[in-house]
Asks: 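Before we start, here is the structure in question, set down as structure tokens.
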Amino acid sequence: MSEKLTTRAEDYSRWYNELVVRADLAEQSGVRGCMVIKPYGYAIWEKMRDYLDARFKETGHQNAYFPIFIPKSYFSKEAHHVDGFAKECAVVTHYRLKNAEDGSGIVVDPDAKLEEELIVRPTSETIIWDTYRRWIQSYRDLPILVNQWANVVRWEMRTRLFLRTAEFLWQEGHTAHATREEAIAEAQKMLDVYAEFAENIMAVPVIKGHKTENERFAGAEDTYCIEAMMQDGKALQAGTSHFLGQNFAKAFDVKYADKDNNMSYVWATSWGVSTRLMGALIMTHSDDNGLVLPPALAPIEVVMVPIYKNKEQYDILCKKMSETAAALRAEGISVKIDDDDSQKPGWKFHEYELKGVPVRLVLGPKDLEKDQYEVARRDTMTKEFMPMENIVESVKNLLNDIQKNLYNKALALRTERTYKVNTWEEFLDVINVKCGFALAPWDGTTETEEKIKELTKATIRCIPLDSVEEDGVDMLTGKPSKRRVVFAKAY
RNA sequence: CGGGGUGUAGCGUAGUCCGGUCAUCGCGCCUGCUUUGGGAGCAGGAGGUCACAGGUUCGAAUCCUGUUACCCCGACCA
């Protein structure tokens with residue numbers, strides 16, 4: 001435990017992996033590509049989930065739950081959808097095991113083959129739209145605004161804790177609407193919910209935009225996304241919201257009768273964020289000393305550590321800290337008093353820094369004499385003394401300040417590493433040398449996009465919603481460009 | 001899924017080429033005492049199917065085959 005983390009400068013991806021494990025967030029399981037999310041990591045995910053769930057409900061959605069298994073036939077009804085997901089599906093083919101005849105153990109019973117294979121959901125559009133067909137007859141049944149919290153499975157070639165695992169946790173919203181306009185408005189609204197969550201709660205600045213046709217969700221007419229920049233300058237797609245048009249309604253024959261008794265296909269959206277947000281959180285704020293958590297998501301916002309020479313002091317300090325802790329908790333702040341006698345203060349300081357606890361209050365005999373706490377903040381690694389008298393106000397202000405500071409720091413990094421480029425040379429410099437986002441003109445064709453990806457591994461992260469029309473020329477083809485788009489290497 | 005690397009106690013490791021008292025060391029863990037303002041010290045102690053499964057051999061951590069997991073590089077992706 002006394003070993004230091006690999007630093008970001010030494011090896012960014014190794015730093016990430018070590019940090020996830022050492023901070024007790026998650027670890028590798030015995031199952032290929034699947035992780036165990038440990039209690040401390042899960043506590044952060046729960047906080048994310050609780051915030052988002054509340055926002056979904058405020059925006060009129062209800063939770064429901066659909067099966068983990070999808071009959072193969074459902075899955076193939078929407079052509080683009082099956083193309084997009086076929087290569088990464090886990091499939092259930094049998095329903096029984098038996099003892100091997102040669103005594104070598106348990107084997108799949110060949111007699112127990114399913115009539116129709118079941119896909120372990122990689123996403124639930126098909127099973128949900130098959131259900132919606134039965135739920136929707138009239139315009140009075142619309143809109144349907146449903147979300148589910150679930151696990152999904154995508155058989156990825158190469159996995160990384162939180163960023164890309166074969167099984168992951170997420171939420172998927174699936175809504176049905178009478179009109180195109182309403183569905184588009186819904187997709188945009190949920191994108192806003194995601195963006196506000198990312199920025200205000202995670203303290204992660206994001207760019208809202210459209211995906212290009214090429215990067216669009218399989219089966220969508222338009223995909224909106226939020227893109228964040230990690231500390232190494234690479235992009236991470238943090239959430240997506242899809243306008244699905246009538247594709248799934250047509251595939252599953254979901255129609256409604258309007259007021260004049262005309263039958264029309266229903267309009268759809270779907271939107272989701274996953275445990276990948278944990279990866280975004282870690283890679284945005286953490287440093288070489290360990291995790292750095294924004295107070296809004298920290299399972300422990302304040303840790304209190306006593307420093308003492310004997311039992312008598314220990315008792316006095318613990319009593320004092322309990323009073324302060326109670327006052328802080330009354331303000332809704334989560335506090336842990338680490339009164340464990342088996343570890344020394346120095347050990348505890350390192351431990352809570354590794355775990356990203358935003359604020360540490362230290363109380364020793366000297367502080368008690370002066371009626372003060374030593375207050376350390378994780379984001380800047382600085383310490384100061386604060387009078388005990390108004391410690392609750394001071395800590396509240398400090399937590400707010402840390403939350404803002406983390407956002408501002410991340411925004412400053414993104415601003416610093418985002419470059420407007422016009423020529424191919426400038427572009428290569430940004431992508432390969434400076435490692436950042438390139439705001440570049442693009443001729444709007446998939447061919448050019450693919451060519452650039454092939455040459456540089458950079459992809460179009462999004463066409464920002466706030467991009468302005470600007471005549472330019474594509475840096476690769478010289479063809480006319482209408483607006484700048486965001487290029488970057490991505491996770 | 002292709003190429004390369006790795007797997008020895010909870011973690012990190014030595015030993016693998018050249019088979020034979022080699023299972024080494026550090027951290028952690030347990031007990032006791034002393035400690036406690038930035039990862040404590042001393043003393044004693046516990047802990048291993050050498051990734052897994054076969055094979056070669058009088059004998060395998062070491063050689064051979066297969067499998068599995070992780071890491072790096074590609075292709076795929078939230």
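A note on names: the letters A, B, ... follow the listed sequences, proteins ahead of strands, and every chain is numbered from 1.
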Asks: Choosing from C72(B), G39(B), U36(B), which nucleotide comes nearest the side chain of Arg158(A)?
Replies: C72(B)
Asks: Of all the nucleotides listed (U36(B), G38(B), A75(B)), which has the minimum atom distance to the side chain of Asp341(A)?
Replies: U36(B)
Asks: Answer with base, sugar-phosphate or nothing: what part of the nucleic acid does Arg360(A) contact at a heavy-atom distance below 4.0 Å?
Replies: base
Asks: Does Glu353(A) make a side-chain donor-acceptor contact with the base of G38(B), cut-off 3.5 Å?
Replies: yes
Asks: Looking only at atom C1', what distance separates C63(B) and C25(B), rounded to whole Å?
Replies: 27 Å
Asks: Between His210(A) and Asp222(A), is any side-chain donor less than 3.5 angstrom from a side-chain acceptor?
Replies: yes
Asks: Going by atom types alone, do Asn289(A) and Arg378(A) pair a side-chain donor with an acceptor below 3.5 Å?
Replies: no
Asks: Let me have RNA chain B in dot-bracket notation, would you? Count Watson-Crick plus G-U wobble pairs, both distances under 3.5 Å, and use [ ] for pairs crossing earlier ones and | for inter-strand partners.
Replies: ((((((((.[[[..)....(....]]].((((((.....)))))).....[[[[[..)....]]]]])))))))....
Asks: Working note: Thr212(A) + Asn214(A), criterion side chain to side chain donor-acceptor pair (under 3.5 Å); need CA distance, chi angles, decisive distance, verdict.
Replies: CA-CA 5 Å; Thr212(A) 61; Asn214(A) 199 34; 5.3 Å; no
Asks: Would you say the side-chain atoms of Glu167(A) and Thr165(A) include a donor-acceptor pair closer than 3.5 Å?
Replies: no
Asks: Rounded to whole Å, please give me the gap between CZ in Arg22(A) and C1' in G28(B).
Replies: 12 Å
Asks: I want to check something: taking the side chain as every heavy atom from C-beta on, are Val362(A) and Pro345(A) in contact at a cut-off of under 4.5 Å?
Replies: no
Asks: With a 6.0 Å cut-off on ring centres, are His81(A) and Trp129(A) close enough?
Replies: no
